[in-house]
Structures are given as C-alpha cells and as structure tokens.
Amino acid sequence: PGVGIVSTLPSPSSINPRFERANGTSMAAPHVSGVAALVSTMNPEATVDEIRIAILSTVDEVSDALTQVGTGGRVN
C-alpha cells in the first residue's frame with residue numbers, strides 16, 4: 001500500500017467517476033486505518049496503544065522500506 005494505488009478523484013459527474021494512480025502516505029493511510037478498525041472489532045477492549053503495538057509489531061518486512069518507513073515493512 002502506498003505505491004500505485006488506484007483512487008477516485010473529484011469528477012463533474014458521478015456517472016463517470018475519474019480514477020488515477022497515486023503514491024504516498026495519503027494512499028497508505030486508509031489501509032492502516034482499516035486494519036486498526038478490524039483489530040478494534042476483534043478486540044473491543046483493546047486500548048489505542050495496544051492496537052498501535054499490534055499493527056506495528058506484525059508488519060511484513062520489505063527491504064525497500066527499511067529506509068523509508070519507521071517499521072521497515074508494510075501492514076499485515
């Protein structure tokens with residue numbers, strides 16, 4: 001997530017929506033937010049810190065990400 005993500009763009013008509021590929025944290029953030037929501041649903045008593053730790057401690061390491069993101073990986 002975060003590279004080459006197809007997203008909707010403002011369009012003059014909802015009948016013909018526009019799509020474009022984009023990169024960056026704005027593209028990755030919805031994926032991480034979705035994972036946080038799923039973790040919260042599975043563990044309703046979990047605190048924000050516990051959810052954060054669960055997400056950060058279970059990333060898939062990606063060699064290209066080692067110098068680009070704090071976790072060195074992508075959300076799993």
Side-chain angles (χ1 to χ4, degrees):
V3 177
I5 303 299
V6 177
S7 185
T8 56
L9 295 172
S11 176
S13 167
S14 61
I15 296 171
N16 297 312
R18 285 179 49 211
F19 299 94
E20 189 172 300
R21 290 188 182 275
N23 303 322
T25 57
S26 294
M27 296 293 104
H31 293 275
V32 178
S33 299
V35 169
L38 290 171
V39 172
S40 178
T41 300
M42 302 278 299
N43 302 287
E45 303 299 318
T47 66
V48 171
D49 285 337
E50 290 170 333
I51 293 169
R52 180 180 171 275
I53 290 167
I55 293 170
L56 295 177
S57 66
T58 58
V59 299
D60 290 334
E61 189 176 291
V62 177
S63 59
D64 291 344
L66 291 173
T67 60
Q68 297 179 14
V69 295
T71 61
R74 68 175 165 247
V75 70
N76 179 349

Same hydrophobic cluster for Ile51 and Val35, using side-chain heavy-atom links shorter than 4.5 Å among ILVMFWY? yes
Under 3.5 Å, which donor-acceptor pairs link side chains of residues 36-46 to any protein atom two or more places apart or in another chain?
from	atom 1	to	atom 2	distance (Å)
Thr41	OG1	Ala37	O	2.9
Asn43	ND2	Val39	O	3.3

For Asn76, the side-chain hydrogen bond (donor to acceptor under 3.5 Å, both in side chains) test, sequence neighbours excluded, returns Asp60
When Ile, Leu, Val, Met, Phe, Trp and Tyr are grouped by side-chain heavy atoms lying under 4.5 Å apart, directly or through other members, which residues fall in the same group as Val6? Phe19
Identify the two heavy atoms, one from Val59 and one from Ile55, that lie closest to each other, and give their separation to 0.1 Å. CG1-O, 3.6 Å
